[in-house]
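What follows is one structure encoded as structure tokens, with my remarks underneath.
Not measured: the values here are computed from a predicted model. First the proteins, then the strands, lettered A, B, ... as listed; each starts at 1.
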Protein chains: 2
Amino acid sequence: MSSKNPDTRHRILEAARTMLEEEKAPKVRMGDIAKAAGISRQALYLHFPTRAELLVATARFLDEVNGADAKFAACSEARTGRERLDAFIQAWGGYIPEIYGVGRALLAMQDTDEAARAAWEDRMQAVRSGCRSAVEMLDSDGSLCSEVTAERAVDLLWTLLSVRNWEQLTQACGWSQAEYVREMQALAQRALIRAEN
Amino acid sequence: MSSKNPDTRHRILEAARTMLEEEKAPKVRMGDIAKAAGISRQALYLHFPTRAELLVATARFLDEVNGADAKFAACSEARTGRERLDAFIQAWGGYIPEIYGVGRALLAMQDTDEAARAAWEDRMQAVRSGCRSAVEMLDSDGSLCSEVTAERAVDLLWTLLSVRNWEQLTQACGWSQAEYVREMQALAQRALIRAEN
DNA sequence: CCCTTTGCTTGACACTGTGTAAAGTTGACA
DNA sequence: TGTCAACTTTACACAGTGTCAAGCAAAGGG
């Protein structure tokens, strides 16, 4: 639509990706990204009208580069609910650190920018639908814990796997990624899967 | 130290409390609070040097007014680990909505303001120590799930009970406060308590 | 009754970051 | 040679935080 040189656009996205990988993603400014892309701030606005839109585009770009969709899709090859749950949590454990920086930046502006909030929510639908498919399989499997409805279980799982949780457990509690994934697999199993009696 | 009229200070805190109770706490500005307190913006800065410090003071004020400490302390009267876990989750379920607004405001600026981040973390120590005492009792009780260490369980519980989770489940998933507390009690029990065999 | 201090007021302003506007430059292409 | 597209530079509006300086009004002591 409004974009000009697709090459420049690509350079911007690459620059944004690199910048936003770093620790302090929410502090990355438009000017920083422009400088890293080797263009002026105004040229940046020619390609992306707002910061939120640039961040969203970067998130999409990241997903594309990392083949996020394919990784999630691969989970549906699992043949039991339990396997799918594990596969999904594993996939998610790899996904979150990939988009962590951009996600943090987007989340940080969600209070002031409704578009950013909606965009991030939209982004998270991939994760949420992964939760849903895992839980549905548990349900049809008969392995879903009888004390929880499928709908409830989706919400719970989705919340357990939110970026915020990841953040809290890795940063404040010092958990490693591997620990986190393992622990969440165990937690989800204990909380969602019918106890074998 | 720097404070002048303690009466004015109190009026400010009351005004801040009221303003921050509302939906869009992170958007509440210094000027808004000053106006609500019936003073000028500059007078506000005479009492609280930064926005972060005002928010922290407001949080403390809220805790005091609501007798938060007493409510958490009452949990230790429980005589079994299970009871204490339930009592604590119940207390927490009442606490979070009380400080929700201020907490949201503080969390929203944690990326740009290190002081705000540290202050909120500090505030959350009350909740975290509640988690610790509940888990410790489960542990000495013999009712803690054998698959998880006590330290791990504290981290997990703390994360389950974070404001962000509350937020996600109530806002995005439409859960009510009562549902949330009930469901978290159940989840914590399934995830942390040894299965009766 | 004056005089000082205290607590606040008003008005101006620096600073940061986003986003807009306008005019100038450069290179490709016809 | 002329024109168009993509980008540049400079300037600026706007919002919000925090600072500074001068003024004012009331309380209280000499």
Pairwise distance CD(E64(A)) to CG(L13(A)) - rounded to 0.5 angstrom: 9.5 Å

Which nucleotide sits closest to the side chain of [X]: [options]?
X: L46(A); options: dG18(D), dC7(D), dT18(C); answer: dC7(D)
X: R29(B); options: dG19(C), dG16(D), dG7(C); answer: dG16(D)
X: T50(B); options: dT8(D), dT9(C), dG18(D); answer: dG18(D)
X: N5(B); options: dT8(D), dT9(C), dG7(C); answer: dG7(C)
X: Y45(A); options: dT9(C), dT8(D), dT18(C); answer: dT18(C)

What's the shortest heavy-atom distance between G93(A) and V181(A), and which atoms? CA-CG2, 3.6 Å

Which heavy atom in A59(B) sits nearest to a heavy atom in V102(B), and how many Å separate them?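 In this case the closest contact between A59(B) and V102(B) is CB-CG1, 3.9 Å.
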
Mark yes or no for a side-chain to base donor-acceptor pair under 3.5 Å between Q42(B) and dT10(C), with no hydrogen or angle criteria applied. no

May I ask you to verify whether the side chain of R41(B) and the base of dG18(D) hold a donor-acceptor pair under 3.5 Å? yes

Contact under 4.0 Å: T8(A) side-chain N or O vs dC7(D) OP1/OP2: yes

dC8(C), OP1 or OP2 - any side-chain N/O from H47(B) closer than 4.0 Å?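 Yes.
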
Quickly work out the [X] [atom1] to [N] [atom2] distance and round it to whole Å.
X: M109(A); N: dG19(C); atom1: CE; atom2: C1'; value: 12 Å
X: I39(B); N: dC24(D); atom1: CD1; atom2: P; value: 21 Å
X: E53(A); N: dG19(C); atom1: CD; atom2: C1'; value: 13 Å
X: D32(B); N: dA15(D); atom1: CG; atom2: P; value: 13 Å
X: L44(A); N: dA6(D); atom1: CG; atom2: P; value: 16 Å
X: D7(B); N: dA26(D); atom1: CG; atom2: C1'; value: 15 Å
X: I33(A); N: dG17(C); atom1: CD1; atom2: C1'; value: 13 Å
X: K35(B); N: dT9(C); atom1: NZ; atom2: P; value: 13 Å

Is a side-chain N or O of E179(A) found less than 3.5 angstrom from the main chain of S176(A), in a donor-acceptor match? yes

Going only through I, L, V, M, F, W and Y residues with side-chain contacts under 4.5 Å, is there a path from Y100(B) to L106(B)? yes

